[in-house]
Amino acid sequence: MANIKSAEKRILITEKRTAINKARKSEIKTYIKKFDKAIDNGNFDEAKTLLRTIDKKLKRAAHKNVIHMNNASRKVSRLTKKLNSAM
């Protein structure tokens, strides 16, 4: 356990940021699952709107350094290809 006040503060901030990052990643995964389900059901209009939302969330996460920018771009690219091939 930290003895210095600034170290204690950094521990609290790290725990808070970790929780926020985890929630952000979890939200993205949930949207991707909804996207896959929409494609499986043949609901392409819903899939298109979900893809726009996923793109926005991934870029935001990459900007906040939750995930790497290349990772976000790769996921969007793969989801777009999946949508286009399903249609």
Side-chain angles (χ1 to χ4, degrees):
M1 188 64 196
N3 292 326
I4 299 168
K5 190 170 185 179
S6 62
E8 290 174 355
K9 182 179 179 183
R10 293 307 311 171
I11 290 169
L12 292 174
I13 291 170
T14 302
E15 288 173 352
K16 191 186 295 184
R17 295 304 314 171
T18 302
I20 291 168
N21 292 344
K22 190 174 180 182
R24 200 168 264 146
K25 282 184 182 180
S26 177
E27 183 183 25
I28 291 168
K29 289 176 190 175
T30 303
Y31 274 112
I32 291 173
K33 286 176 190 170
K34 287 180 183 178
F35 174 82
D36 290 337
K37 194 172 183 182
I39 287 180
D40 290 341
N41 293 336
N43 196 346
F44 299 118
D45 292 331
E46 183 183 350
K48 283 181 184 178
T49 58
L50 284 169
L51 182 61
R52 261 187 249 119
T53 305
I54 291 167
D55 184 32
K56 183 179 177 183
K57 299 275 183 190
L58 282 170
K59 285 181 180 173
R60 177 93 171 151
H63 181 72
K64 296 280 190 179
N65 289 324
V66 176
I67 59 172
H68 197 274
M69 188 67 203
N70 292 355
N71 187 348
S73 297
R74 188 173 61 245
K75 284 186 181 191
V76 170
S77 176
R78 287 178 180 171
L79 292 173
T80 305
K81 281 172 75 173
K82 188 174 187 178
L83 178 63
N84 290 338
S85 65
M87 291 173 70

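Positions are given from 1 along the sequence.
- Note that NZ of Lys57 is 15.5 Å distant from NZ of Lys29, once rounded to the nearest 0.5 Å.
- Residues Asp55 and Val76 come closest through the heavy atom pair OD1-CG2, 3.4 Å.
- Contact record, Glu8 with Ala2: OE2-O, 3.2 Å, taken as the closest heavy-atom pair.
- In the hydrophobic clustering of this structure, Ile4 does not group with Ile13; members are Ile, Leu, Val, Met, Phe, Trp, Tyr whose side-chain heavy atoms approach within less than 4.5 Å, directly or through other members.
- We find the CG-CG distance between Leu50 and Leu79 to be 10.0 Å, quoted to the nearest 0.5 Å.
- Atoms CG and CZ, from Asp40 and Phe35 in turn, are 10.0 Å apart once rounded to the nearest 0.5 Å.
- Taking CZ from Arg24 and CZ from Arg60, the interatomic distance works out to 6.0 Å, rounded to the nearest 0.5 Å.
- The main-chain N or O of Ser73 is never found under 3.5 Å from a side-chain atom of Ser77 such that the two would form a donor-acceptor pair.
- Residues Ala72 and Ala62 come closest through the heavy atom pair CB-CB, 4.0 Å.
- Once rounded to the nearest 0.5 Å, the distance linking CD1 of Ile28 with NZ of Lys75 reads 7.0 Å.
- When hydrophobic clusters are built by joining Ile, Leu, Val, Met, Phe, Trp and Tyr residues whose side-chain heavy atoms come closer than 4.5 Å, directly or via intermediates, Ile54 is grouped together with Phe44.
- Here CG of Asn21 is found 9.0 Å from CG of Asn65. Values are rounded to the nearest 0.5 Å.
- Checking side-chain atoms of Ser26 against main-chain N and O of Lys22 turns up no donor-acceptor pair under 3.5 Å.
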